[in-house]
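A short worksheet on the structure shown next.
Please read all numbers here as calculations on a predicted model, not as lab measurements. When a ligand or atom number is given, it counts from 1 through the structure's own listing order. Position 1 is the first residue of the sequence, and the numbers go up from there.
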Amino acid sequence: MNLRSLPDRKPFLTAALALVTLAALAAAAISAEPRAKDLFGAKKLPAVVPAQSFGFYSKGCFAGGVALPMDGPTWEVMRPSRNRRWGHPAMIALIEKLSRDAVADGWPGLLVGDVSQPRGGPMMTGHASHQIGLDADIWLTPMPKRPLTIAQRESMSATLMVDEKTHLVKDALWTPAHTRLLKRAASYPEVERILVNPGIKKELCDTVTGDRSWLRKIRPFWGHDYHLHMRIGCQPGSPGCKGQEATPADDGCGKPLAWWFTEEPWRPNKNPDAPKARDLMTMANLPKECQAVLAATDAPSLAAVTYQGGSAAAVAVAEPQPTEPTETISSGALPAQASAFAPTPKIGIPLPRPRPGN
Ligand SMILES: [Zn+2]
């Protein structure tokens, strides 16, 4: 060692100490920041502005949301107290279309679960995704003949379609009409993927004959045993929307599906109390446009932002606008395991992760 370097060691140590202190301060500042889920969860209405999604399905928000009406001729909204019947107008239009097409296919009507919060963003409970108005849960329970009361919509149990031990569909419950519903949802070009329990994917893989090309969009995932989760792509007018990589071109019935029927995906979570991304996210973790989305003035009334077959005054048409590139979506402040961009696949297979709420 060169003796002359010795006097330099002290400044180096000081600098290192300063860095550590800075990091601790930054961590403290982050923990004092309000959580994005509290801020977005408190919003009861969106603003009347052109529809636009910002960020990714599990890390973003959206402007110009509209509500799916509580009832339609071919659908009913479930768990209304959650106030999660909001979506991008294209999503709400598609749910209504699916409900009509499903009835034409012989399904009695849709029970619609969570779409998004009025302005999207992370939620207090449940989903990691559903943040940009482009995800919707549809129950695999047909709409009953008698209209459900509000109380029934809050309390009625969903039917679990998959045996928890075998991870196979319950034969007594699965019908060709369930398969037709999934095929119909997958048929829309806007729909990029549909998440279902691996048991449901396997049932389709084992039974669908003829055209199997739509199976590509049916993606196995934890949970999703009582509902299908329909995800549409980024919509025109949303340059800040970050799309998901395309699903592989094959039907997904081979090796990736077989992994779900090993014990690996079902190992107990070693760290069940670890915080989830939504529990840590602050506004700094979301695209910066989400600040404006949050701050915008409420619509004058619920009626003004309830979708009416595309004729609602509030359904403004977004014009493409130049926006900043999407690097503003930073995951820097989150522990890697809590990041919405947590590692995916070796061969397109999701790595085991804490089982999501749904
Ligand atoms: Zn979902």
Check: Trp260 ring centroid to Trp222 ring centroid under 6.0 Å
yes
Criterion side chain to side chain donor-acceptor pair (under 3.5 Å) on Arg100 and Thr74, from CA distance to verdict
CA-CA 6 Å; Arg100 291 189 297 269; Thr74 47; over 6 Å; no
[X] near the Zn ion (ligand 1): N/O/S under 2.8 Å:
X      : result
His224 : no
Asp137 : yes
His229 : yes

Tell me whether Arg231 forms a cation-pi arrangement with Tyr57, defined as NZ or CZ under 6.0 Å from the six-membered ring centre and within 45 degrees of its axis.
yes
Can you check side chain to side chain donor-acceptor pair (under 3.5 Å) on Thr207 and Trp174, steps first, answer last?
CA-CA 11 Å; Thr207 59; Trp174 194 264; 5.6 Å; no
Here the N/O/S atom of His130 closest to the Zn ion (ligand 1) would be NE2
